[in-house]
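Structure first, then comments.
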Amino acid sequence: MTPDTMREIIREAIASPSVHNVQPARWHIDGESVLLLEDISRRLAVGDPTGHDAAISLGASAEGFALAASKRGLRAQVERAGGEHAGYLIVARIMLDEGGAPDPLADHLATRASWRGPFHAPSQADRKEAALLGGQDRTIVSDPKVIGHIAELYDEASYGFMRREGFRSELRHWMRLRKSHPRWARDGLNAAAMKLSGIEAWGAGLVLGPLFKPLAALGLTKALLAEKSSFAHAAGVVLFHHPRGEDPFESGRAFHRLWLEIEAAGFGSNVLAAIADDEAIASHVGELAGLPSGDRLVSAFRIGRRDGEGFAPARLLLEDVLVD
(Lines give C-alpha, C1' and ligand atoms only; values in the text may rest on other atoms or scores of the structure.)
Protein backbone atom coordinates (compact mmCIF):
# COMPACT_ATOMS: atom_id res chain seq x y z
CA MET A 1 0.00 0.00 0.00
CA THR A 2 1.63 3.25 -1.07
CA PRO A 3 1.27 6.54 0.80
CA ASP A 4 -0.02 8.09 -2.42
CA THR A 5 -2.90 5.57 -2.52
CA MET A 6 -3.70 6.33 1.12
CA ARG A 7 -3.73 10.05 0.39
CA GLU A 8 -6.06 9.63 -2.58
CA ILE A 9 -8.50 7.59 -0.47
CA ILE A 10 -8.41 10.26 2.25
CA ARG A 11 -8.96 12.98 -0.36
CA GLU A 12 -12.20 11.26 -1.41
CA ALA A 13 -13.27 10.65 2.20
CA ILE A 14 -13.20 14.42 2.80
CA ALA A 15 -16.54 14.54 0.95
CA SER A 16 -18.24 12.70 3.84
CA PRO A 17 -21.07 14.56 5.62
CA SER A 18 -20.65 16.23 9.01
CA VAL A 19 -22.86 18.32 11.28
CA HIS A 20 -22.89 21.95 10.04
CA ASN A 21 -20.18 20.78 7.60
CA VAL A 22 -17.59 21.33 10.35
CA GLN A 23 -15.47 18.43 9.01
CA PRO A 24 -13.86 17.26 12.28
CA ALA A 25 -12.03 14.28 10.76
CA ARG A 26 -8.23 14.31 10.64
CA TRP A 27 -6.04 11.51 9.31
CA HIS A 28 -2.62 10.09 10.10
CA ILE A 29 -1.06 7.55 7.74
CA ASP A 30 0.60 4.84 9.84
CA GLY A 31 2.19 2.26 7.56
CA GLU A 32 -0.48 -0.09 6.19
CA SER A 33 -3.22 1.57 8.24
CA VAL A 34 -4.54 5.02 9.01
CA LEU A 35 -5.64 6.63 12.23
CA LEU A 36 -8.91 8.53 12.09
CA LEU A 37 -8.60 11.48 14.46
CA GLU A 38 -10.98 14.12 15.77
CA ASP A 39 -10.20 17.82 15.84
CA ILE A 40 -12.16 18.64 18.99
CA SER A 41 -11.85 22.37 18.31
CA ARG A 42 -14.61 21.75 15.75
CA ARG A 43 -17.14 20.36 18.20
CA LEU A 44 -20.34 22.36 18.62
CA ALA A 45 -20.20 23.29 22.29
CA VAL A 46 -23.83 24.44 22.36
CA GLY A 47 -25.48 22.37 19.65
CA ASP A 48 -23.62 19.14 20.43
CA PRO A 49 -22.35 19.31 24.04
CA THR A 50 -21.94 15.53 24.43
CA GLY A 51 -20.10 15.02 21.12
CA HIS A 52 -22.88 12.74 19.85
CA ASP A 53 -23.18 14.48 16.47
CA ALA A 54 -19.39 14.66 16.19
CA ALA A 55 -19.24 10.87 16.61
CA ILE A 56 -21.86 10.41 13.89
CA SER A 57 -19.84 12.71 11.61
CA LEU A 58 -16.66 10.73 12.28
CA GLY A 59 -18.44 7.45 11.62
CA ALA A 60 -19.57 8.90 8.30
CA SER A 61 -15.94 9.79 7.51
CA ALA A 62 -14.82 6.24 8.31
CA GLU A 63 -17.47 4.89 5.95
CA GLY A 64 -16.40 7.38 3.29
CA PHE A 65 -12.84 6.10 3.60
CA ALA A 66 -14.02 2.48 3.32
CA LEU A 67 -16.08 3.28 0.23
CA ALA A 68 -13.22 5.12 -1.46
CA ALA A 69 -10.93 2.19 -0.67
CA SER A 70 -13.38 -0.25 -2.25
CA LYS A 71 -13.01 1.53 -5.61
CA ARG A 72 -9.38 0.40 -5.54
CA GLY A 73 -10.15 -3.23 -4.70
CA LEU A 74 -9.31 -2.71 -1.03
CA ARG A 75 -11.25 -3.90 2.01
CA ALA A 76 -11.28 -1.62 5.07
CA GLN A 77 -11.40 -2.99 8.59
CA VAL A 78 -12.47 -0.25 11.01
CA GLU A 79 -11.66 -0.68 14.70
CA ARG A 80 -12.56 1.83 17.38
CA ALA A 81 -9.53 3.15 19.24
CA GLY A 82 -8.67 5.68 21.92
CA GLY A 83 -5.84 7.91 23.02
CA GLU A 84 -4.27 10.95 21.41
CA HIS A 85 -1.99 11.69 18.52
CA ALA A 86 -0.39 15.09 17.90
CA GLY A 87 -3.04 16.82 20.00
CA TYR A 88 -6.00 15.11 18.31
CA LEU A 89 -8.27 12.41 19.73
CA ILE A 90 -7.83 8.97 18.18
CA VAL A 91 -11.22 7.71 17.05
CA ALA A 92 -10.43 4.58 15.04
CA ARG A 93 -7.74 2.64 13.27
CA ILE A 94 -8.52 1.55 9.72
CA MET A 95 -6.54 -1.30 8.17
CA LEU A 96 -6.64 -2.13 4.49
CA ASP A 97 -6.42 -5.53 2.80
CA GLU A 98 -6.49 -6.61 -0.82
CA GLY A 99 -9.54 -8.38 -2.17
CA GLY A 100 -12.29 -5.84 -1.62
CA ALA A 101 -15.15 -5.51 -4.10
CA PRO A 102 -16.07 -2.07 -5.47
CA ASP A 103 -19.09 -0.72 -3.60
CA PRO A 104 -21.54 0.93 -6.04
CA LEU A 105 -22.32 3.64 -3.48
CA ALA A 106 -18.73 4.89 -3.82
CA ASP A 107 -19.67 6.42 -7.19
CA HIS A 108 -21.83 8.95 -5.34
CA LEU A 109 -19.30 10.05 -2.71
CA ALA A 110 -18.24 13.18 -4.58
CA THR A 111 -21.73 14.25 -5.68
CA ARG A 112 -23.60 13.84 -2.39
CA ALA A 113 -24.61 17.17 -0.90
CA SER A 114 -27.46 18.57 1.13
CA TRP A 115 -30.20 20.00 -1.10
CA ARG A 116 -32.04 22.96 0.39
CA GLY A 117 -33.60 24.12 -2.86
CA PRO A 118 -37.12 23.40 -4.13
CA PHE A 119 -38.40 20.05 -5.37
CA HIS A 120 -40.42 19.23 -8.45
CA ALA A 121 -43.97 18.16 -7.65
CA PRO A 122 -43.67 14.39 -7.08
CA SER A 123 -45.35 11.90 -9.38
CA GLN A 124 -46.80 8.62 -8.19
CA ALA A 125 -43.68 6.97 -9.60
CA ASP A 126 -41.53 9.28 -7.46
CA ARG A 127 -43.43 8.35 -4.32
CA LYS A 128 -43.15 4.64 -5.14
CA GLU A 129 -39.41 4.99 -5.75
CA ALA A 130 -39.04 6.82 -2.45
CA ALA A 131 -40.89 3.98 -0.71
CA LEU A 132 -38.36 1.50 -2.12
CA LEU A 133 -35.71 3.13 0.07
CA GLY A 134 -37.41 1.65 3.14
CA GLY A 135 -35.58 -0.93 5.20
CA GLN A 136 -34.77 -2.25 8.65
CA ASP A 137 -33.21 1.00 9.84
CA ARG A 138 -35.25 3.51 7.85
CA THR A 139 -38.97 4.20 7.60
CA ILE A 140 -40.36 6.11 4.65
CA VAL A 141 -43.28 8.50 5.13
CA SER A 142 -45.00 9.25 1.82
CA ASP A 143 -48.52 10.32 2.84
CA PRO A 144 -48.68 14.10 2.10
CA LYS A 145 -50.81 14.75 5.19
CA VAL A 146 -48.34 13.00 7.48
CA ILE A 147 -45.46 14.78 5.76
CA GLY A 148 -47.25 18.07 6.44
CA HIS A 149 -47.60 17.20 10.11
CA ILE A 150 -43.92 16.25 10.32
CA ALA A 151 -43.09 19.60 8.69
CA GLU A 152 -44.96 21.39 11.48
CA LEU A 153 -43.15 19.34 14.11
CA TYR A 154 -39.82 20.09 12.45
CA ASP A 155 -40.49 23.84 12.52
CA GLU A 156 -41.48 23.59 16.18
CA ALA A 157 -38.29 21.70 17.06
CA SER A 158 -36.07 23.97 14.97
CA TYR A 159 -37.50 27.13 16.49
CA GLY A 160 -36.99 25.69 19.95
CA PHE A 161 -33.27 25.53 19.28
CA MET A 162 -33.14 28.86 17.45
CA ARG A 163 -34.59 30.64 20.49
CA ARG A 164 -31.35 29.92 22.34
CA GLU A 165 -28.93 32.79 21.80
CA GLY A 166 -25.89 30.54 22.20
CA PHE A 167 -27.22 28.16 19.55
CA ARG A 168 -27.79 31.02 17.09
CA SER A 169 -24.34 32.44 17.75
CA GLU A 170 -22.71 29.08 17.12
CA LEU A 171 -24.74 28.57 13.95
CA ARG A 172 -23.78 32.02 12.63
CA HIS A 173 -20.13 31.17 13.30
CA TRP A 174 -20.40 28.33 10.78
CA MET A 175 -22.49 30.24 8.24
CA ARG A 176 -20.73 31.89 5.30
CA LEU A 177 -23.26 34.42 4.04
CA ARG A 178 -20.94 36.31 1.68
CA LYS A 179 -18.71 34.89 -1.02
CA SER A 180 -15.93 37.09 0.34
CA HIS A 181 -15.86 35.02 3.54
CA PRO A 182 -12.35 33.50 3.73
CA ARG A 183 -13.75 30.01 4.36
CA TRP A 184 -16.62 30.17 1.85
CA ALA A 185 -15.31 27.18 -0.13
CA ARG A 186 -13.66 25.29 2.73
CA ASP A 187 -16.20 24.42 5.45
CA GLY A 188 -19.42 25.45 7.14
CA LEU A 189 -22.72 26.43 5.55
CA ASN A 190 -22.37 28.92 2.73
CA ALA A 191 -25.21 30.81 1.10
CA ALA A 192 -24.97 28.75 -2.09
CA ALA A 193 -25.40 25.50 -0.16
CA MET A 194 -28.36 26.99 1.71
CA LYS A 195 -29.85 28.22 -1.58
CA LEU A 196 -29.97 31.82 -0.38
CA SER A 197 -29.82 34.77 -2.73
CA GLY A 198 -27.66 37.74 -1.77
CA ILE A 199 -30.65 39.55 -0.27
CA GLU A 200 -31.86 36.40 1.52
CA ALA A 201 -28.40 35.79 2.97
CA TRP A 202 -28.23 39.38 4.20
CA GLY A 203 -31.68 38.99 5.77
CA ALA A 204 -30.73 35.68 7.40
CA GLY A 205 -27.78 37.34 9.08
CA LEU A 206 -30.06 39.99 10.53
CA VAL A 207 -32.87 37.64 11.60
CA LEU A 208 -30.46 35.23 13.31
CA GLY A 209 -28.45 38.11 14.73
CA PRO A 210 -29.42 41.59 15.96
CA LEU A 211 -33.06 41.49 14.82
CA PHE A 212 -33.99 38.16 16.39
CA LYS A 213 -35.20 39.52 19.73
CA PRO A 214 -37.11 42.54 18.33
CA LEU A 215 -38.81 40.34 15.73
CA ALA A 216 -39.54 37.68 18.35
CA ALA A 217 -41.20 40.32 20.51
CA LEU A 218 -43.49 41.05 17.56
CA GLY A 219 -44.17 37.33 17.06
CA LEU A 220 -42.51 37.29 13.63
CA THR A 221 -39.37 35.19 13.91
CA LYS A 222 -41.06 31.79 13.97
CA ALA A 223 -42.86 32.51 10.71
CA LEU A 224 -39.72 33.93 9.10
CA LEU A 225 -37.70 30.82 9.96
CA ALA A 226 -40.42 28.28 9.16
CA GLU A 227 -39.61 25.70 6.46
CA LYS A 228 -42.98 23.98 6.17
CA SER A 229 -43.48 25.23 2.62
CA SER A 230 -40.32 23.43 1.48
CA PHE A 231 -41.96 20.10 2.37
CA ALA A 232 -44.85 20.71 -0.05
CA HIS A 233 -43.27 18.85 -2.98
CA ALA A 234 -41.32 16.28 -0.97
CA ALA A 235 -41.63 12.77 -2.35
CA GLY A 236 -41.14 11.49 1.17
CA VAL A 237 -39.57 11.89 4.57
CA VAL A 238 -36.98 9.27 5.51
CA LEU A 239 -36.77 8.49 9.23
CA PHE A 240 -33.41 6.92 10.10
CA HIS A 241 -33.50 4.91 13.32
CA HIS A 242 -31.06 2.62 15.12
CA PRO A 243 -31.04 0.74 18.44
CA ARG A 244 -30.91 2.86 21.55
CA GLY A 245 -27.49 2.82 23.14
CA GLU A 246 -25.67 2.07 19.90
CA ASP A 247 -22.29 3.76 19.47
CA PRO A 248 -23.12 6.89 17.41
CA PHE A 249 -19.93 6.24 15.42
CA GLU A 250 -21.59 3.09 14.04
CA SER A 251 -24.83 4.97 13.46
CA GLY A 252 -22.80 7.50 11.47
CA ARG A 253 -21.45 4.84 9.14
CA ALA A 254 -24.99 3.64 8.36
CA PHE A 255 -26.24 7.24 8.08
CA HIS A 256 -23.68 7.96 5.37
CA ARG A 257 -24.64 4.85 3.42
CA LEU A 258 -28.32 5.74 3.62
CA TRP A 259 -27.65 9.24 2.32
CA LEU A 260 -25.71 7.79 -0.62
CA GLU A 261 -28.58 5.38 -1.33
CA ILE A 262 -30.93 8.37 -1.49
CA GLU A 263 -28.49 10.06 -3.87
CA ALA A 264 -28.19 6.92 -6.00
CA ALA A 265 -31.99 6.85 -6.36
CA GLY A 266 -31.81 10.31 -7.94
CA PHE A 267 -33.30 12.26 -5.02
CA GLY A 268 -32.10 15.48 -3.49
CA SER A 269 -32.20 15.41 0.29
CA ASN A 270 -31.94 17.70 3.26
CA VAL A 271 -31.17 16.53 6.79
CA LEU A 272 -33.81 17.38 9.40
CA ALA A 273 -31.54 17.23 12.44
CA ALA A 274 -33.78 19.23 14.77
CA ILE A 275 -36.56 16.69 14.60
CA ALA A 276 -34.28 14.01 16.07
CA ASP A 277 -32.48 16.31 18.52
CA ASP A 278 -35.69 17.36 20.30
CA GLU A 279 -36.41 14.28 22.42
CA ALA A 280 -40.12 14.94 22.89
CA ILE A 281 -40.74 15.56 19.20
CA ALA A 282 -38.52 12.64 18.17
CA SER A 283 -40.61 10.39 20.43
CA HIS A 284 -43.85 11.74 18.93
CA VAL A 285 -42.61 11.21 15.38
CA GLY A 286 -41.51 7.70 16.32
CA GLU A 287 -45.00 6.87 17.57
CA LEU A 288 -46.60 8.53 14.54
CA ALA A 289 -44.51 6.46 12.11
CA GLY A 290 -44.54 3.26 14.16
CA LEU A 291 -40.79 3.02 14.67
CA PRO A 292 -39.54 -0.07 16.57
CA SER A 293 -39.81 0.49 20.33
CA GLY A 294 -36.15 -0.35 20.89
CA ASP A 295 -34.91 2.18 18.34
CA ARG A 296 -34.23 5.89 18.61
CA LEU A 297 -34.71 8.40 15.82
CA VAL A 298 -31.14 9.25 14.81
CA SER A 299 -31.93 11.63 11.95
CA ALA A 300 -34.37 12.31 9.15
CA PHE A 301 -34.31 13.50 5.55
CA ARG A 302 -36.69 15.46 3.36
CA ILE A 303 -36.31 14.03 -0.16
CA GLY A 304 -37.56 14.88 -3.62
CA ARG A 305 -36.53 15.49 -7.22
CA ARG A 306 -34.30 18.57 -7.37
CA ASP A 307 -35.70 21.64 -9.09
CA GLY A 308 -32.66 23.79 -9.78
CA GLU A 309 -28.92 23.80 -10.29
CA GLY A 310 -26.38 22.20 -8.01
CA PHE A 311 -23.50 23.92 -6.24
CA ALA A 312 -19.86 23.28 -5.40
CA PRO A 313 -19.71 21.79 -1.87
CA ALA A 314 -17.36 23.49 0.60
CA ARG A 315 -14.53 21.09 1.41
CA LEU A 316 -11.25 21.22 3.27
CA LEU A 317 -8.10 20.41 1.30
CA LEU A 318 -6.01 17.29 1.78
CA GLU A 319 -3.28 19.29 3.48
CA ASP A 320 -5.83 20.58 5.98
CA VAL A 321 -6.73 17.11 7.24
CA LEU A 322 -3.46 15.17 7.08
CA VAL A 323 -1.60 14.98 10.39
CA ASP A 324 2.05 13.89 10.70
Side-chain angles (χ1 to χ4, degrees), residues 16-26 37-61 88-89 91 113-114 116 150 153-177 181 183 186-191 193-194 196 201 204-213 216 221-222 224-227 230 239-242 244 246-249 251-252 255-256 259 269-285 296-302 313-316:
S16 302
S18 59
V19 57
H20 284 6
N21 195 30
V22 302
Q23 300 176 67
R26 299 293 178 267
L37 312 169
E38 180 190 1
D39 180 350
I40 61 171
S41 72
R42 293 191 166 235
R43 281 198 188 181
L44 304 176
V46 179
D48 182 30
T50 66
H52 177 272
D53 292 346
I56 287 180
S57 301
L58 291 159
S61 290
Y88 298 94
L89 294 183
V91 176
S114 183
R116 296 186 63 87
I150 289 176
L153 292 170
Y154 172 73
D155 279 342
E156 182 181 340
S158 181
Y159 188 64
F161 291 111
M162 289 295 186
R163 290 175 62 184
R164 297 161 56 188
E165 187 170 354
F167 183 91
R168 296 196 309 277
S169 176
E170 190 171 66
L171 176 60
R172 291 198 310 273
H173 173 76
W174 288 100
M175 293 173 75
R176 288 73 171 101
L177 297 175
H181 193 290
R183 303 195 67 82
R186 302 290 285 278
D187 56 18
L189 307 168
N190 67 37
M194 294 185 286
L196 298 176
L206 292 175
V207 172
L208 293 176
L211 294 186
F212 187 90
K213 288 183 178 179
T221 49
K222 189 172 184 178
L224 288 171
L225 296 173
E227 296 185 41
S230 62
L239 303 175
F240 173 61
H241 46 92
H242 263 229
R244 296 182 188 279
E246 178 181 71
D247 181 353
F249 179 85
S251 302
F255 170 79
H256 192 180
W259 199 338
S269 56
N270 180 42
V271 177
L272 309 172
I275 211 163
D277 292 343
D278 183 305
E279 292 186 10
I281 287 179
S283 177
H284 179 55
V285 170
R296 68 176 296 271
L297 182 63
V298 179
S299 193
F301 298 87
R302 175 177 62 226
R315 295 286 181 259
L316 293 175

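The structure displayed is predicted, hence computed values, not measured ones.
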Quick check: closest heavy atoms across [X] and [Y], and the distance to 0.1 Å?
{"X": "F212", "Y": "V207", "value": "CB-O, 3.1 Å"}
{"X": "N270", "Y": "S114", "value": "OD1-OG, 3.0 Å"}
{"X": "S57", "Y": "S18", "value": "OG-CA, 3.4 Å"}
{"X": "A226", "Y": "D155", "value": "CB-OD2, 3.5 Å"}
{"X": "A276", "Y": "L297", "value": "CB-O, 3.5 Å"}
{"X": "P248", "Y": "A55", "value": "CG-CB, 3.7 Å"}

Could you tell me which residues satisfy side-chain contact (heavy atoms from CB on, under 4.5 Å) with [X], sequence neighbours excluded, listed by chain and number?
{"X": "L206", "result": "W202, P210, L211"}
{"X": "S230", "result": "E227, R302"}
{"X": "P313", "result": "A113, R315"}
{"X": "D277", "result": "D53, F161, A273"}

How long is the straight-line distance from [atom2] of [Y] back to [atom1] of [X], given to the nearest 0.5 Å?
{"X": "M162", "Y": "L208", "atom1": "CE", "atom2": "CG", "value": "5.5 Å"}
{"X": "L316", "Y": "R186", "atom1": "CG", "atom2": "CZ", "value": "6.5 Å"}
{"X": "L58", "Y": "F249", "atom1": "CG", "atom2": "CZ", "value": "7.0 Å"}
{"X": "M194", "Y": "L189", "atom1": "CE", "atom2": "CG", "value": "5.5 Å"}
{"X": "Y159", "Y": "D278", "atom1": "OH", "atom2": "CG", "value": "14.5 Å"}
{"X": "L89", "Y": "I40", "atom1": "CG", "atom2": "CD1", "value": "5.0 Å"}

(request) With sequence neighbours left out, write down each residue that passes side chain to side chain donor-acceptor pair (under 3.5 Å) with R168, or none if nothing qualifies. (result)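 Side chain to side chain donor-acceptor pair (under 3.5 Å) check on R168 returns nothing, list empty.
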(message) Applying side chain to side chain donor-acceptor pair (under 3.5 Å), can you list everything that pairs with S158, at least two apart in sequence or on another chain?
(response)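 Here no residue qualifies.
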According to salt bridge (Lys or Arg N to Asp or Glu O under 4.0 Å), who are the partners of [X], at least two apart in sequence or on a separate chain?
{"X": "R172", "value": "none"}
{"X": "K213", "value": "E165"}
{"X": "E156", "value": "none"}
{"X": "R183", "value": "D187"}

(request) Could you pull out all residues at least two apart from H242 that satisfy ring pair (Phe, Tyr, Trp, His ring centres under 6.0 Å)? (result)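 For H242 the ring pair (Phe, Tyr, Trp, His ring centres under 6.0 Å) partners, ignoring immediate neighbours, are F240.
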(request) Report the residues that fulfil ring pair (Phe, Tyr, Trp, His ring centres under 6.0 Å) with H284, sequence neighbours left out, ordered by chain and then residue number. (result)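 Scan of H284 (ring pair (Phe, Tyr, Trp, His ring centres under 6.0 Å), adjacent residues dropped) gives H149.
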Please confirm whether the backbone N or O of [Y] pairs with a side-chain atom of [X], one donor and one acceptor, at under 3.5 Å?
{"X": "E38", "Y": "V91", "answer": "no"}
{"X": "R26", "Y": "L37", "answer": "no"}
{"X": "N21", "Y": "A314", "answer": "yes"}
{"X": "D48", "Y": "A54", "answer": "yes"}
{"X": "E246", "Y": "R296", "answer": "no"}

Side chains of [X] and [Y] in contact at under 4.5 Å (non-hydrogen atoms):
{"X": "H256", "Y": "P17", "value": "yes"}
{"X": "V19", "Y": "H52", "value": "no"}
{"X": "Y154", "Y": "V285", "value": "no"}

